[in-house]
Every structure is written in structure tokens, then in C-alpha cells.
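Remarks on the structure that follows.
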Amino acid sequence: DIGRAGDEMGLDLFVVGGFVRDLMLYRKSDDIDIVVEGDGIAFAKHLAVMKQGRCNTHREFCTAVVILPCGFKIDVASSRLEYYKAPAALPTVEMSSIKLDLFRRDFTINTLAIRLNQEGFGTLIDFFGGQRDIKDKSIRIIHNLSFVEDPTRVFRAIKFANRFNFTIGKLTSNLIKNAIRIDFFKNLSGLRVFSELKQILEEENPISAIELLNEYHLDKVIHPGLILDSSVISLMESVKKALAWHDLLYLDIQYARWAVYFMVMIRRCPVKVIDEICNKFRLPPRQKNMVLRDRIRADDRLYLLEKSLPCKNSGLYHILSIFKTEQILYMIATAKKEEARKAISFYYTQLKDVTPLIRGKDLLTMGIKPGPAYRDIMQKVLDARLDGLVDTLEDELEYVN
Ligand code: ATP
């Protein structure tokens, strides 16, 4: 159907990039990228009308997103020769616009395209050896100036190597080392580094990516005071276990996975260094508080908890109730004692959502007016409930009396 929309407008169309790569790897893709040789925005609008979807356009970049009624997203980009300013010293003059579009991508595995027009439908286009590199399980740049052009690709290389269990090609690996040695990252905004790092930490299993960051000394690119050594990596394994435990039980609870790994990554850095990293990454105040202030609190409370165990449920609740899922998982991952790990899991699964049955109106009936006393009573009833002293509403009323 998409191809037909292109035929109707006399435009050549290709599905490109991650979608084709994932198809070759028998992996599911969440969205689809289309490149149109010509006016992509006009095409996207036509497609949206045809499929009764919505179309959001970004004129500045000549791109658009078509959202189908079922929610599926189609990203549309234009590949017109006049849109490109080829980097100096690269032999791009002779290329067709789709070839140029693919040439500007990061790695050969992302340069595959499939033609969508009726004529030649399904033809695989492989200018840069993408198929061979998928077969060889290899991450390779397309030209030697790739990392000069965009150093964030170093992080992307690691992300893909980790995700697909591929190796980084020899030349590409040497160029990464070169990029780090010459410090191509000097002028790179912290925001872009953070965006790539966050994507790595959001991967299903980021551990081997962290190992690669360590091997290439990319920790020093993030901040000279950051240390990613084997002890950090082994704690990250514990984070992985904690997240797996959580996700098995609570599929529907959303939390920032990256933040749990990130807190472990920076936990041994002095506050000054963490503060600098957060500022460099331009973390919004809420996220900065989460990884700095609340994380330090989590360390303190974990220490307190390990000293107080065994303790009553109400005690456990008071130590942990200020924390969100991210800190709880951080504490489970970093706890030294198994007993503490168990206690925190018990709090999260059994105690976190406990509330008294008694309501304000019950207290009013008993002649207790809203105010500080009211809060104290509620707290005492909650403690009694946590410690198993009350069961029914009647028990609670009797307890208050
Ligand atoms: P993911 O599954 O992580 O979304 P993806 O390959 O779709 O993988 P995106 O980050 O969505 O990755 O990028 C879409 C396409 O844009 C990629 O296939 C890649 O070819 C290209 N791309 C993205 N970032 C860069 C970059 N920094 N340099 C060159 N090409 C890039």
C-alpha cells in the first residue's frame, strides 16, 4: 500500500535502516523508516489521507511521521540531492540520492534498503556491504571520517555490538581508539553523550556495553573522575538481577531503568564529580535529585537498615517508604547482606501499599478533628496494621479507642 502511494505520486520509495537490519536478524521492529526520493512531506500527507492516519511534519528537516489508526508509526524522510551538504573530501558527487542518504548513516548494518514501488518491489539495496556485515556479526563504519563527522557514533557502535552480540570491526575499533586519543568528544554536547548513554543503559542487557565503555576508556570521556572498573561492572550484574526480579512481578510498573544502572555507575564518585556529570548532561532537576540527593539517602538508609535488622515491619516501612522504585532497586542491588536484600524485597512486595482501613470520617465520628493528632493516629494505625496487630476496620477502631 505504501508503495502504491509512491507510485501514484511518481516517487521512488525505500524502507531503510533499522527496520531492514532487524528483518535480516529476525528481530521485531517498533517503527519503520521510509526514504522518499523527492518531497517526503507531500508523500507523507498523501499516505496519511490514504490510510486515514495522522501526519506530523518537520519542515526544517524535510521529515514527517505518519501515525496509522492502529498506532503504528511510519517515519518519512526526503532524500533529495539538494538537501545534502557532503562533507569535504568525501567522494559523494556521483551518488544517487538514496545512496547518499544511506552513505550518511552510521554503520554498514544500517545502510540496507528495500524498494517499495510496485516495479522492483522487495529489491534489496546494499551499497556498503551491510548484508555481509550482518552475516559476519560485525559493526563497521562506512568511511574513515565517520567518527570525525559525529563522535556519538562511538557510543552507538557499542550499543549495537552489545544488543546484537556483534563485534566491532578492526578498523572501526582502531578509529574509535583514535577518536578517544585525539578527543573528538571535546566539542560534543553533554546532552548528546547522555542521550546515547541513556539508550545504552535502557538496553535489555547493557552489561557487555559497560565492559566495552570500560575497555575503550570512555568513562574518562564522560568525566575524568568517573571510574568504570570490574567492581562497578559486577554491581551492574546485581542491578540486572534486581530489574529482572522486578519486571517479572510488576510488568506494568514503569520506572527509569537507565537511572538504576546510572546510580551504580556513579556511586563511588565524589559529590562534586556527580554534580559536574549531571550538569554536563543537563539532567532536569527531578532526575538530578533522583541520582544524587535521593541516591545518597538510599545509601544512608541502607546502612541504617543493615544495622537495624531484624526489625519490625513498621520499622522497615519507615526506613524505606520515602523511596521510589528506582532507589528501591538500587538498594536491592547494592545491599551487602542477603538479609537486607530480602527485607527490601519484602517491603516492596508486601508493605509498600498497605494503608489503614479507617477513614477521616470514622475519626470525626469519634470526635477527633483533622489536625496533627489526626495524622499521628493514622500513623499509629498504619504501624499496627503493618505489624499485624489489627486486621479488620473494627480492630482499627478499637485500637484507636
Ligand atoms: P533502534 O532500534 O535503537 O531504534 P535504529 O537503527 O532504528 O535502532 P535510530 O537511533 O532510531 O536507530 O536511528 C534510525 C537510523 O538513523 C539508524 O538506522 C541509523 O542509520 C541512522 N542514524 C541514527 N543516528 C545516527 C548517527 N549519529 N549517525 C548516522 N546515522 C544515524
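For ligands, and for the atoms within them, numbers begin at 1 and follow the listed sequence.
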Close approach, R21 and ligand 1, non-hydrogen under 4.0 angstrom: yes

Numbering as shown, the atoms of ligand 1 that approach R104 to under 4.0 Å (heavy-atom distance): 29 (C), 30 (N)

Can you tell me which residue among R104, R192, R105 is in a salt bridge (charged side-chain N to carboxylate O under 4.0 Å, His left out) with D150? R192

Which residue holds the protein heavy atom closest to atom 28 (N) of ligand 1, what is that atom called, and what is the gap in Å? R153 NE, 2.8 Å

Tell me, which protein residue and heavy-atom name are nearest atom 25 (C) of ligand 1, and how many Å apart are they? R156 NE, 3.6 Å

Between R153 and E149, does any NZ, NE, NH1 or NH2 come within less than 4.0 Å of an OD or OE carboxylate oxygen? yes

Residue, atom and distance of the protein heavy atom nearest atom 14 (C) of ligand 1 read D33 OD2, 4.2 Å

Inspect the contact between E203 and R163 and indicate whether a charged nitrogen and a carboxylate oxygen are less than 4.0 angstrom apart. yes

Contact check, side chains of F323 and Y347, non-hydrogen atoms, under 4.5 Å: no

Is it true that K342 and E339 have a side-chain N and a carboxylate O under 4.0 angstrom from each other? no

Nearest non-hydrogen protein atom, atom 15 (C) of ligand 1: R105 NH1, 3.6 Å

With a 4.0 Å cut-off, strictly under, does atom 22 (N) of ligand 1 pick up any protein heavy atom? yes

Atoms of ligand 1 under 4.0 Å from any heavy atom of F160, numbered from 1 in the order shown, are 6 (O), 8 (O)

Short list, please: which atoms of ligand 1 are under 4.0 Å from a heavy atom of D150? 26 (C), 27 (N), 28 (N)

Between K272 and E276, does at least one N-O distance fall below 4.0 Å, as a salt bridge requires? yes

Short N-O contact, R385 and D395, less than 4.0 angstrom: no

Side chains of Y330 and D294 only: does a donor on one sit below 3.5 Å from an acceptor on the other? no

By number and element, which atoms of ligand 1 are closer than 4.0 Å to a non-hydrogen atom of R163? 1 (P), 2 (O), 3 (O), 8 (O)

Which residue and atom name correspond to the protein heavy atom nearest atom 7 (O) of ligand 1, and how close is it? G18 CA, 4.0 Å

Look at the aromatic rings of F166 and F164 and report parallel, tilted or perpendicular, splitting at 30° and 60°. tilted

Output the list of atoms in ligand 1 that are nearer than 4.0 Å to some heavy atom of K159, sorted by atom number. 3 (O)

Scan the protein's non-hydrogen atoms and note whether one is under 4.0 Å from atom 11 (O) of ligand 1. no

Considering heavy atoms of the protein only, find what lies nearest to atom 19 (C) of ligand 1 and give residue, atom and distance to 0.1 Å. D106 OD1, 3.4 Å

